[in-house]
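In what follows, every heavy atom counts, from backbone to side chain, and hydrogens, waters and symmetry copies are set aside. None of these values were measured; they are calculated from a predicted model.
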Amino acid sequence: QVQLVESGGGSVQPGESLRLSCEVSVDTGSRIAMGWFRQAPGKEREGVASINDWSVTEYADFVKGRFVISRDIAKRTLTLQMASLKPEDTAMYYCAAKVVGWWTTSLRPREYPYWGQGTQVTVSS
């Protein structure tokens with residue numbers, strides 16, 4: 001089983017930065033790939049960034065150059081460093097994990113069976 005708890009959301013102004021964290025609880029020895037997703041009101045959940053167990057990363061085009069995903073295996077923490085935030089980045093952000101396909105990255109929400117509760121990010125002037 002995998003348990004995920006996000007933190008770090010908040011309200012910022014356009015152009016500012018924010019760092020999201022996700023604490024991961026997983027059975028010892030399990031290999032997982034992880035991702036950050038977001039969902040704005042009235043919109044479908046979309047992939048933001050993904051990282052596999054080898055720390056290979058994948059990003060959605062709309063965050064390339066602005067967001068960085070990373071993981072600390074020892075501390076069992078997934079991080080999303082967000083810079084140059086825009087109002088359209090406003091959404092609930094979720095971290096997710098998958099065991100099947102731990103060697104792959106994916107921005108497709110349906111591939112991830114394990115989800116955190118989400119943390120709100122609001123970008124507004």
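Neither W54 nor I32 shares a network with the other; the hydrophobic side chains, linked directly or stepwise wherever heavy atoms of I, L, V, M, F, W or Y lie under 4.5 Å apart, form separate groups for each. One hydrophobic cluster, built from ILVMFWY side chains closer than 4.5 Å, holds both V68 and F62. Note on V123: it clusters hydrophobically with V63, by side-chain heavy-atom contacts below 4.5 Å among ILVMFWY residues. Residues Y93 and M34 fall within the same hydrophobic cluster, defined by Ile, Leu, Val, Met, Phe, Trp and Tyr side chains chained together at heavy-atom separations under 4.5 Å.
Enclosure of atom CD in E88 by more than 12 non-hydrogen atoms of other residues, nucleotides or ligands within 6.0 angstrom is indicated.
Here the CZ-CZ distance, from R45 to R38, works out to 13.0 Å after rounding to the nearest 0.5 Å. In this structure, F37 CZ and C95 SG are separated by 10.0 Å, a value rounded to the nearest 0.5 Å. Distance CD/Q1 to OH/Y114: 4.5 Å, rounded to 0.5 Å. Residue Y59 holds its OH atom at 10.5 Å from NZ of K64, rounded to the nearest 0.5 Å. The line from OG of S50 to CG of L78 is 9.0 Å long, rounded to the nearest 0.5 Å. Expressed to the nearest 0.5 Å, how far CE of M92 lies from OG1 of T122 amounts to 8.5 Å.
Results of the side chain to side chain contact (heavy atoms under 4.5 Å, CB included) test with V24 over V5, V2, T77 single out V2 as the only residue that passes.
The nearest pair of heavy atoms linking S125 to P14 is N-CD, 3.7 Å. Smallest separation of non-hydrogen atoms from L80 and A49: CD1-CB, 4.3 Å. Nearest heavy atoms, P113 versus A97: CD-O, 3.3 Å.
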Show me the donor-acceptor pairs, under 3.5 Å and distance only, between side chains in residues 15-23 and residues at least two apart or in other chains.
unit_1: E16; atom_1: OE1; unit_2: Q13; atom_2: N; d: 3.0
unit_1: R19; atom_1: NH1; unit_2: Q81; atom_2: OE1; d: 3.1

Review item, side-chain donor-acceptor pairs of residues 100-111, under 3.5 Å, at least two apart:
unit_1: T104; atom_1: OG1; unit_2: K98; atom_2: NZ; d: 2.8
unit_1: T104; atom_1: OG1; unit_2: G101; atom_2: O; d: 2.7
unit_1: T105; atom_1: OG1; unit_2: E58; atom_2: OE1; d: 2.8
unit_1: S106; atom_1: OG; unit_2: R108; atom_2: N; d: 3.1
unit_1: S106; atom_1: OG; unit_2: E111; atom_2: OE1; d: 3.1
unit_1: S106; atom_1: OG; unit_2: E111; atom_2: OE2; d: 3.3
unit_1: R108; atom_1: NE; unit_2: E111; atom_2: OE2; d: 2.7
unit_1: R108; atom_1: NH2; unit_2: E111; atom_2: OE2; d: 2.6
unit_1: E111; atom_1: OE1; unit_2: K98; atom_2: NZ; d: 3.3

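In terms of modelled atom types and a separation under 3.5 Å, the side chain of D27 and the main chain of S30 share no donor-acceptor contact.
Residues T90 and Q120 have side chains in contact (heavy-atom distance under 4.5 Å, counting atoms from C-beta outward). At least one side-chain heavy atom of R71 sits less than 4.5 Å from a side-chain heavy atom of D53. In this structure, the side chains of D72 and T79 stay at 4.5 Å or more apart for every pair of heavy atoms.
Residues D89 and K86 are not paired through a salt bridge, judged by the lack of any N-O separation under 4.0 Å between the basic side chain and the carboxylate.
Contacts classified as disulfide (SG to SG under 2.5 Å) and involving residues 36-81 (residues at least two apart or in different chains) are not found.
Using a 30° and 60° split on the angle between ring planes, W115 and Y94 fall in the perpendicular class, above 60°.
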Pair I69-V48, side-chain contact (heavy atoms from CB on, under 4.5 Å): steps then yes or no: CA-CA 9 Å; I69 187 172; V48 175; over 6 Å; no

